[in-house]
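Letters A, B, ... are given to chains in the order of the sequence lines, protein chains preceding strands, and every chain is numbered from 1.
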There are 2 protein chains.
Amino acid sequence: MKLSPSEENYLKAIYHLEQASDTGVTTNALAQRMETKPSSATDMVKRLAEKELLHYVRYRGVTLTNEGTKSALQIIRKHRLWQVFLVEKLHFHWDQVAEIAEQLEHVHSEELIARLERFLGEPDFDPHGEPIPSKDGTIKQTAKKLLAELKKNQGGVCVGVKESSPEFLQYLDKKNITIGTKIKVLGKEFFDGSMVILVGKDQSFISKKTAENLYVQTL
Amino acid sequence: MKLSPSEENYLKAIYHLEQASDTGVTTNALAQRMETKPSSATDMVKRLAEKELLHYVRYRGVTLTNEGTKSALQIIRKHRLWQVFLVEKLHFHWDQVAEIAEQLEHVHSEELIARLERFLGEPDFDPHGEPIPSKDGTIKQTAKKLLAELKKNQGGVCVGVKESSPEFLQYLDKKNITIGTKIKVLGKEFFDGSMVILVGKDQSFISKKTAENLYVQTL
DNA sequence: ATCAATATTTAGGTTGTGCTAAATAATTTT
DNA sequence: AAAATTATTTAGCACAACCTAAATATTGAT
């Protein structure tokens with residue numbers, strides 16, 4: 001089914017909200033996520049229900065149908081593949097790619113995505129460490145943990161972030177932390193959860209908040 | 001100025017019609033090119049005139065302003081760079097890229113295009129041999145001739161096509177002719193303009209019609 | 001120069017996607 | 001459980017981009 005960019009964006013948003021909350025998605029939450037008014041969300045939700053991409057019960061919110069979930073995963077797949085392209089091939093910084101990928105993901109062509117995937121070497125994860133759904137909708141899960149969960153002397157490789165605001169990504173950059181960076185916990189402060197860590201060959205101090213937004217794959 | 005995909009497509013069409021005819025562009029011609037109704041073309045033309053991208057005189061047609069021409073060239077630039085990407089990097093065949101490039105060209109990001117251009121090695125021509133406008137709107141001109149203009153024993157390199165229908169491009173493919181293919185005229189039939197040519201190491205017979213739609217750069 | 005044919009515009013409708021304001025349902029507080 | 005608060009929907013409007021049908025301007029033929 002060919003969907004409009006707007007319809008695709010709503011599907012994506014609903015999928016992510018479902019993942020985050022495990023319950024049905026309310027109109028309000030959806031409107032907030034889409035930065036629009038609840039009335040607009042209602043309009044769209046009705047149209048997507050009409051297309052059987054989601055179940056909608058008035059005043060009760062929505063859940064994606066199997067079809068809807070499949071569609072959402074395909075859009076996320078495109079988004080993440082384009083992000084890999086932008087970072088790996090065009091050497092964008094990982095905090096600059098979201099906006100552009102958001103446009104590229106709406107280009108309609110199965111063939112394009114298949115070839116792009118091959119060109120990129122069939123990556124499993126995007127530059128933020130998020131898994132890239134396969135063509136049939138399966139997702140590889142990482143054994144990723146929050147850095148905050150590591151104990152003293154444990155180490156890991158940075159595989160992604162929880163919050164991906166430009167500010168946070170730029171802050172990480174200043175600390176020389178990016179996807180693939182090896183990190184070891186040298187010390188952990190009980191009092192405020194802050195850590196002293198080893199990044200490459202340098203020591204660095206990070207707050208609890210930072211440690212709670214950085215995913216690592218333990219070694 | 002940020003334009004909608006539709007506005008961009010109209011600008012592109014007007015630019016091409018201007019190039020082809022050297023006169024102002026009529027509403028009818030524009031509507032035909034856009035595969036829409038004249039009334040729709042009128043609507044759009046008014047909006048573009050409002051934005052000072054073209055001069056519009058009722059019942060008299062339009063001409064692009066300097067601003068409009070600049071915009072059109074930027075869109076053409078994007079289109080052709082994406083076509084290079086699709087053919088060179090993703091190994092699409094040159095008859096499959098137009099439709100996808102038409103979508104990609106509407107992605108808004110200066111930075112993206114700058115980086116794409118660098119990634120592609122700053123090409124001067126697209127896979128159909130059409131020149132790629134530079135960032136400032138200048139166009140490299142080829143010394144290209146129609147194959148039909150060559151005399152016996154003259155040779156050249158295929159640099160593009162006049163008609164770029166999938167049928168014609170596929171036909172050329174069957175004859176092993178693509179951008180960069182060396183061609184030499186072995187014989188030319190006065191009667192019907194047909195030719196016997198050397199393509200690589202093999203002889204090939206082509207009609208006048210084919211020879212009139214194939215551009216070569218003479219050696 | 002007038003008339004017929006053609007080109008173009010205007011008027012008014014449709015669809016998709018947004019909005020605000022008002023109405024209604026659901027939830028929370030008391 | 002009723003009232004107050006919050007969430008959601010409905011009604012009605014707006015804009016971009018299309019459409020058809022009718023009106024008007026231009027062009028070409030006589």
Handout entry: Pairing of Glu117(A) and Arg77(A) as salt bridge, 4.0 angstrom limit
Key = yes
Problem - Residue closer to the 5' end of DNA chain C, Ser4(A) versus Arg60(A) (nearest nucleotide) - result: Ser4(A)
Practice task
Measure from CD on Glu8(B) to P on dA16(D) and round the result to the nearest Å.
Solution key: 16 Å
Practice task
Compute whether any side-chain donor of one residue and acceptor of the other, for Asp136(A) and Ser134(A), lie under 3.5 angstrom apart.
Solution key: yes
Handout entry: Bounds of contact between DNA chain C and chain B, in 5' to 3' order, using a heavy-atom cut-off under 4.0 Å
Key = dA7(C) to dT10(C)
Handout entry: Nearest-0.5 Å distance, CD of residue Gln141(A) to CG of residue Asp124(A)
Key = 11.5 Å
Handout entry: Among dC18(D), dT8(D), dT27(D), the one nearest Tyr10(B) by side-chain distance
Key = dC18(D)
Exercise for the section: Working to the nearest 0.5 Å, report the span between CG of Leu147(A) and OG1 of Thr210(A). Expected result: 9.0 Å
Problem - Basic-acidic side-chain contact under 4.0 Å: Glu105(B), Lys12(B) - result: yes
Practice task
Check the distance between dT5(D)'s C1' and Asn28(A)'s CG and give it to me in whole angstrom.
Solution key: 13 Å
Exercise for the section: Classify the angle between the aromatic ring planes of His128(B) and Trp94(B) as parallel (below 30°), tilted (30 to 60°) or perpendicular (above 60°). Expected result: parallel
Handout entry: Salt bridge Glu7(A)-Arg47(A), side-chain N to carboxylate O under 4.0 Å
Key = yes
Handout entry: SB check Arg115(B) Glu111(B) (cutoff 4.0 Å)
Key = yes
Handout entry: Strand-adjacent residues in residues 32-43 of chain A, judged by heavy atoms under 4.0 Å from DNA chain C
Key = Thr36(A), Lys37(A), Ser39(A), Ser40(A), Asp43(A)
Handout entry: Contact under 4.0 Å: Arg58(A) side-chain N or O vs dT10(D) OP1/OP2
Key = yes
